[in-house]
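Residue numbers count from 1 along this sequence.
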Amino acid sequence: MAKKRIVSMLAALVLILGLIPVQVKKADAATKGYTVTKDSGTYSSTVQTSVKVKKGYKVYYTTSGSFSTSKVIKSGKTKTFTIKKNTTIKLIVVKKNKKVTTKKLNKSLKSKAKTYKYKISKTETQDSSSIKLKAASNYATPEEGEGYKIEADGENSVLTISKSGSYSVSTDGTVTGQIVNKATDGEVTLILNGVDLKNANAGDDGVILNKKSASPLNVVLAAGSDNTLTATGEGQTETTSDGTTDTDYPAGIMVKKGSALTISGTGKLSINSTHGSGIKVKYNDTENDISTLCANDSNFWTETLTIKDDPTINIVCNSDDEAAYKNNNYNTDTYDAHQDGISSKNSLGIYGGTINIVAGDDGIHAEATAKITKGTITVSSSTEALEGAKVQIDDGTVNLKAYDDGINAANSDLTANTSGEDTNIFSITINGGTVTVDAEGDGIDSNGNAYITGGDVKVYGPSKGGNGALDVADQTGVFLVTGGTLYATAAGSDMAVTPSNTGYSSVVFALNNNGMGMGGQTPTGGTPPSGSPDQNGGTPGNNTTTSGTTIEAGTTLTIKDSSGNTVGSLTTKKTTGWILYCGSNITKDQTYTLYSGSTQVA
């Protein structure tokens, strides 16, 4: 016992003194030698996942709990698992030449096994009612089934669901009609399995409509299915009792007050909305609209719109007056502020999928929290691309294009502050993923704080003055980078903000400085970087070089340190006169040079 203690003490002393390098690689061992084609998760039907073993390794597997030496995938080989029910696959990877026994697999090596859990939802089984929706002329006499009814309403075929359960729906070609859920006795699962439905209803309506206070609606896109919802209805204006007017607009999917929406599955859904939003969920609170009290109301922050699994969702809801705000005319009278791609009047979460949006107003909008944890999200046209009181990106590939702000943390109804800024409420947090923002307003704009803790973030800011690539609440906010990398560009240094010096260091090249200052934002009570005034103007700090030139779009730039080592590079998307790079490889008080090819720029 004493001998073991001495050996342990000597080993610890060696590490402390730094006599040998410390390599922490065992944590990666479970996934180092193979790849898996399908992540763990919930799937709407049978799914196949393959394990491909890299050369030099072998993988032992089990779906029953115990490992065996006979269940092995050899070096360079691939095994495909067909999963029809809930299944857990466990994998142990070892070097190709390592000898193991069944006993060792189930003892010392079992703790190193990587677990993959696959759940097959019961939404496409015989438990579902199967419904084929046809043209209204087929329903002179209404069709009724367990929990549903189909009847003609003029030219519309209306499917009304009145009881909780699972309903699989397809259409007989393109059908003019509507699906309405008014069940209140429990969750309703609506499986879209080849639906092509269009509706011209005006006002506060949807091609798929969840009635006020109806049961939560789960829309599942069946595997391999292609579904289309087309809303052509116009807005409808009503005068309230106090004499004010309010206009409501239809959506592809509309969920009214007091309910929630989940979209899942692996199929495809295309939504075309001529005058309204693509997907819209109204306030969770059936009695009250948003107010200054909501910031302290946990119910307000409830996630009422969820997208998960691996669906493909394409949304087009162009503004009727798109040309007006394309020309930087952002007056609310000249574009349709009711055409959000995806909108929740509470919080929303995107946990996977491929989502493509063309929007007249916001691409993705939440009154409370807008969260993205996974998936490929592209907003190719919008006024503001991603907006919420709090915006959080944990992972995924996020591409955002906006004629105003790219990512915006704001909600004027949540604060009594006339400037609309509050560091206690508003925030933008990027924890990972690949995030690209192309904006003509502010690229990243938080009315509170902004944080980057990981990921690869590129912000292509405005090509005109009056906005900046980065913006946080005036003087009281903080833009803090503690992980990942951040590139930001703009036409000039007008309204420029740089990350706080309490995080990673940054280097800025102001090529055509127009006299506006670099805003080295720090937390309240902190000390600003040397030479950096607030964002309202002044002399640039010592992290800035001015060369009196601009760089054309499509130019590849590299940043090199004083030893000639490349520390960063990017290709410009617009005419650029201000470039910022922030990352762990930037060292304070060092000199960096900007190059275009072999030509020194600044």
(Q) We want to know whether Ser500 and Thr502 form a side-chain donor-acceptor pair, criterion being a heavy-atom distance below 3.5 angstrom. (A) yes
Exercise. If we ignore angles and hydrogens, is there a donor and acceptor under 3.5 Å between the side chains of Thr304 and Thr302?
Worked result: no
Note: Lys574-Asp438 ion pair, threshold 4.0 Å (strictly below): yes
When Val188, Asn210, Thr189 are each screened for side chain to side chain contact (heavy atoms under 4.5 Å, CB included) with Ile161, the one that passes is Val188
CG (Leu192) and CG (Asp226) are apart, to the nearest 0.5 Å, by 11.0 Å
When Asp395, Asp39, Asp309 are each screened for salt bridge (charged side-chain N to carboxylate O under 4.0 Å, His left out) with Lys374, the one that passes is Asp39
Value for NZ (Lys58) from NZ (Lys74), rounded to nearest 0.5 Å, stands at 9.5 Å
Rounded to the nearest 0.5 Å, the CD1 atom of Ile179 sits from the CG atom of Leu159 at a distance of 5.5 Å
Between Ser506 and Cys582, the two heavy atoms sitting closest are CB-CB, 3.8 Å
Distance col, row Leu105:CG vs Tyr60:OH, nearest 0.5 angstrom, shows 6.0 Å
Notebook entry, point to check: Would Ser164 and Ser215 count as having a side-chain donor-acceptor pair, cut-off 3.5 Å?
Noted result: no
| said: Between Asn431 and Thr453, is there a side-chain donor-acceptor contact under 3.5 Å, judged purely by atom types and distance? | reply: yes
Check the side chains of Glu367 and Asn346 for a donor-acceptor pair under 3.5 angstrom, ignoring hydrogens and angles.
no
When you measure from the side chain of Asp405 to the backbone of Asn408, do you find a donor-acceptor pair of N or O atoms at a distance under 3.5 Å? no
Q. Does the pair Ser596 and Thr555 meet the rule for a side-chain hydrogen bond (donor to acceptor under 3.5 Å, both in side chains), with working shown?
A. CA-CA 7 Å; Ser596 172; Thr555 304; 5.2 Å; no
inquiry  = Test side chain to side chain contact (heavy atoms under 4.5 Å, CB included) on Tyr504 and Asn585; report intermediate values, then the result.
reply    = CA-CA 9 Å; Tyr504 282 173; Asn585 56 353; over 6 Å; no
Within 45° of the axis and under 6.0 Å from the centre of the six-membered ring of Tyr57, does NZ or CZ of Lys32 qualify? no
**Request:** Would you check if there is a donor-acceptor pair between the side chains of Thr82 and Gln48 at a distance under 3.5 Å?
**Result:** yes
With sequence neighbours left out, the residues meeting side-chain hydrogen bond (donor to acceptor under 3.5 Å, both in side chains) with Asp310 are none
### Query
Does a donor on one side chain and an acceptor on the other come within less than 3.5 Å for Asp196 and Thr228?
no
Please answer whether the main-chain N or O of Lys117 pairs with a side-chain N or O of Ser40 as donor and acceptor at a distance below 3.5 Å.
yes
(Q) Would you say Asn314 and Asn356 are linked by a side-chain donor-acceptor pair, where the criterion is simply a distance under 3.5 Å? (A) yes
Correct closest heavy-atom pair for Ser50 and Thr78 would be CB-CG2, 3.9 Å
Worksheet item: Mind checking whether Phe81 and Tyr61 have parallel, tilted or perpendicular rings, split at 30° and 60°?
Response: perpendicular
Separation between CG (Asp404) and CG (Asp442), nearest 0.5 Å, reads 7.5 Å
Fill in: Donor-acceptor side-chain pairing of Ser225 and Asn227 below 3.5 angstrom
yes
The reported gap from CG in Asn181 to OG in Ser259 (rounded to nearest 0.5 angstrom) is 7.0 Å
Within 45° cone and under 6.0 Å: Lys71 NZ/CZ vs Phe67 ring: no
(message) With no hydrogens and no angle check, just 3.5 Å: does a side-chain donor-acceptor pair link Thr556 and Thr571?
(response) yes
Heavy atoms of Ser344 and Leu348 approach each other most closely as CB-CB, 3.9 Å
